[in-house]
Amino acid sequence: MAETLFFNALREAIEEEMARDSTVFVLGEDVGHYGGSYKVTKDLYKKYGELRVLDTPIAENSFTGLAVGAAMTGLRPIIEGMNMGFLLLAFNQISNNAGMLRYTSGGNFKIPMVIRGPGGVGRQLGAEHSQRLEAYFQAVPGLKIVACSTPYNAKGLLKSAIRDENPVLFFEHVLLYNLKEELPQTEYLLPLDKAEVVRPGDDVTILTYSRMRHHVLQAVKTLEKEGFNPEVIDLISLKPLDFDTIGKSVRKTHKVIVVEECMKTGGIGAELIASINDRLFDELDAPVLRLSSQDIPTPYNGSLERLTIVQPEQIVEAVKKMVALRV
């Protein structure tokens, strides 16, 4: 085992896959000589050359289209979004082309590509750099959506995403890049479609993902001292949702809280609640409770920014409220 920073875990995954498969290449703004906006691709161009670590112009729609075309011919592109919010400029390429070409070509083309990069609410990055795009793409057919949350799952999931035959949107949180964890020194891969039971419990099921996993675990430390026993599930796969794991937990606890950094209106939590009500309504002892970000552009002011997203103390309060309900 070796202690590894989150961004280095991602870098190791990319480097290992580039060494294993000559069809894997990286493209994006400042991924080459600069090493990426968060150093995920640092020095890779020295090892693999400037055609496999390709610095692009500031033209997201164009280089995403280039990547889709490359994937159609058998290459495996990894797009780095300097900030995932910038990839809204490539929405057409991601949705109409990357997501749909395998279907609209009758299976003649596969689109094995990964679109990854930093997103989420950082520390005073302003509204346009604090986007959470998972809900934007949730409705697009043909995409897989993954949100990593630890150095361990970041590496294992990214390796699996690179090997997958379908387009994968791979979300990293901007405030997790300096997280440390011991990683195995032997190769490992993790499934893209499975949630992780982070903490077993029987009082209430807490469904979360990305940075909110850590807010939830911080809240759990307080709750444990007061005798509460919540089950915590990191969704990881946002599309498709792992309803085997979710359903097993709901049938045990009969109460659900969703904690997300996504917007409340039309967010991942909204989809979760609708799906839980469709599939597991009779298992619920209370309506699903949703803790989401405020439906406003993220303020630049630090104090106001903090108020827009869910904090650990709100999670503590929500669990107490939910567990206090009796049927």
Side-chain angles (χ1 to χ4, degrees), residues 10 27-29 60-68 71-72 76-104 109-121 127-149 154 157-158 160-162 164-174 192-195 207-212 234-243 258 260-275 290 292-293 295 297-298:
L10 293 165
L27 73 163
E29 297 150 356
E60 287 80 5
N61 193 52
S62 297
F63 68 69
T64 303
L66 183 155
V68 172
M72 292 171 70
R76 293 183 177 272
I78 305 168
I79 294 175
E80 174 172 303
M82 182 182 288
N83 181 285
M84 289 298 265
F86 302 162
L87 292 176
L88 288 173
L89 294 163
F91 193 95
N92 176 64
Q93 294 286 6
I94 297 169
S95 58
N96 281 330
N97 293 326
M100 298 185 188
L101 269 169
R102 187 168 188 176
Y103 175 80
T104 56
F109 294 110
K110 299 175 182 177
I111 315 295
M113 62 184 289
V114 177
I115 302 168
R116 52 150 296 271
V121 178
E128 291 119 336
H129 291 67
S130 301
Q131 295 277 24
R132 289 131 287 173
L133 298 190
E134 52 267 32
Y136 287 64
F137 291 102
Q138 181 75 7
V140 177
L143 300 177
K144 295 184 178 183
I145 304 178
V146 173
C148 58
S149 52
L157 290 166
L158 184 53
S160 295
I162 294 167
D164 200 90
E165 298 295 345
N166 300 285
V168 179
L169 266 64
F170 195 90
F171 287 102
E172 304 150 16
H173 199 287
V174 68
L192 297 178
D193 58 353
K194 296 296 182 185
L207 302 175
T208 190
Y209 64 93
S210 190
R211 185 188 174 214
M212 283 296 130
D234 185 344
L235 294 170
I236 294 175
S237 177
L238 304 183
K239 187 173 187 176
L241 292 164
D242 177 10
F243 259 89
V258 179
E260 63 179 346
E261 199 176 278
C262 198
M263 300 296 182
K264 188 170 188 177
T265 301
I268 298 298
E271 175 62 28
L272 273 168
I273 291 171
S275 296
R290 174 174 35 159
S292 311
S293 290
D295 284 332
T298 305

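Nothing here was measured: the structure is a model prediction, and the numbers come from that model. Computed over heavy atoms, backbone and side chain alike; hydrogens, waters and symmetry mates excluded.
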**Q.** N166 backbone acceptor or donor facing R102 side chain under 3.5 Å
**A.** no
Q) Minimum heavy-atom separation for R290 to S292, with atom names? A) CG-OG, 3.1 Å
**Q.** Minimum heavy-atom distance between A90 and T64, given as atom pair plus value
**A.** CB-OG1, 3.4 Å
Q: Write down the atom of T208, the atom of M212, and the distance for their closest heavy-atom approach.
A: OG1-CB, 3.1 Å
**Q.** Check: E29 and E60 side chains under 4.5 Å, non-hydrogen atoms
**A.** yes
Q: May I have the step-by-step check of side chain to side chain contact (heavy atoms under 4.5 Å, CB included) for K144 and K239, ending in yes or no?
A: CA-CA 5 Å; K144 295 184 178 183; K239 187 173 187 176; over 6 Å; no
Q.
Is any side-chain heavy atom of I115 closer than 4.5 Å to one of L143?
A. no
Q | Among I236, V168, L10, side-chain contact (heavy atoms from CB on, under 4.5 Å) partner for L157 | A | I236
Q. Just by modelled atom types, is the I145 backbone N or O under 3.5 Å from a matching donor or acceptor in the E134 side chain?
A. no
**Q.** Test side-chain contact (heavy atoms from CB on, under 4.5 Å) applied to S293 and E260, R132, K264, the passing residue
**A.** R132
Q | Where G81 and P118 come nearest, the two heavy atoms and their spacing | A | O-CD, 3.1 Å
Q) Any donor-acceptor pair under 3.5 Å linking the side chain of R76 with the backbone of D164? A) yes
**Q.** Distance, nearest 0.5 Å, that separates OG of S160 from CZ of F170
**A.** 9.0 Å
Q) With side chains defined as the heavy atoms from C-beta onward, is the minimum distance between L133 and Q131 less than 4.5 Å? A) yes
Q: Look up atom CE in M72 and atom NZ in K110, then write down how far apart they are to the nearest 0.5 Å.
A: 14.0 Å
Q | L88 CG to Y136 OH distance, which is reported to the nearest 0.5 Å | A | 5.5 Å
Q) So, for P77 and A71, which heavy atoms are closest and what is the spacing to 0.1 Å? A) CD-CB, 3.9 Å
Q: Begin with the C-alpha distance, continue with both residues' side-chain angles, and end with the deciding distance and a verdict on side chain to side chain contact (heavy atoms under 4.5 Å, CB included) for L169 and L87.
A: CA-CA 11 Å; L169 266 64; L87 292 176; over 6 Å; no
(Q) Rounded to the nearest 0.5 Å, what separates atom CD1 in I94 from atom CD1 in I111? (A) 13.0 Å
Q: Identify the residue among L235, L192, L238, L158 that makes a side-chain contact (heavy atoms from CB on, under 4.5 Å) with V146.
A: L192
Q. Which of these, N83, V174, T298, sits in a side-chain contact (heavy atoms from CB on, under 4.5 Å) with S130?
A. T298
Q.
Please find the pair of heavy atoms, one from S149 and one from S210, that lie closest to each other, and give the distance.
A. CB-O, 3.6 Å
Q) Could you state the interatomic distance from SG (C148) to NE2 (H173), rounded to the nearest 0.5 Å? A) 11.0 Å
Q. Near E128 CD, under 6.0 Å, is it more than 12 heavy atoms from other residues, nucleotides or ligands?
A. no
Q) So H129 and F86, would you call those rings parallel, tilted or perpendicular, with 30° and 60° as cut-offs? A) perpendicular
(Q) Measuring from atom CG of N61 to atom CG of L89, what distance do you get when rounded to the nearest 0.5 angstrom? (A) 8.0 Å
**Q.** Test item: E271 and I268 side chains (from C-beta on) under 4.5 Å apart, heavy atoms
**A.** no
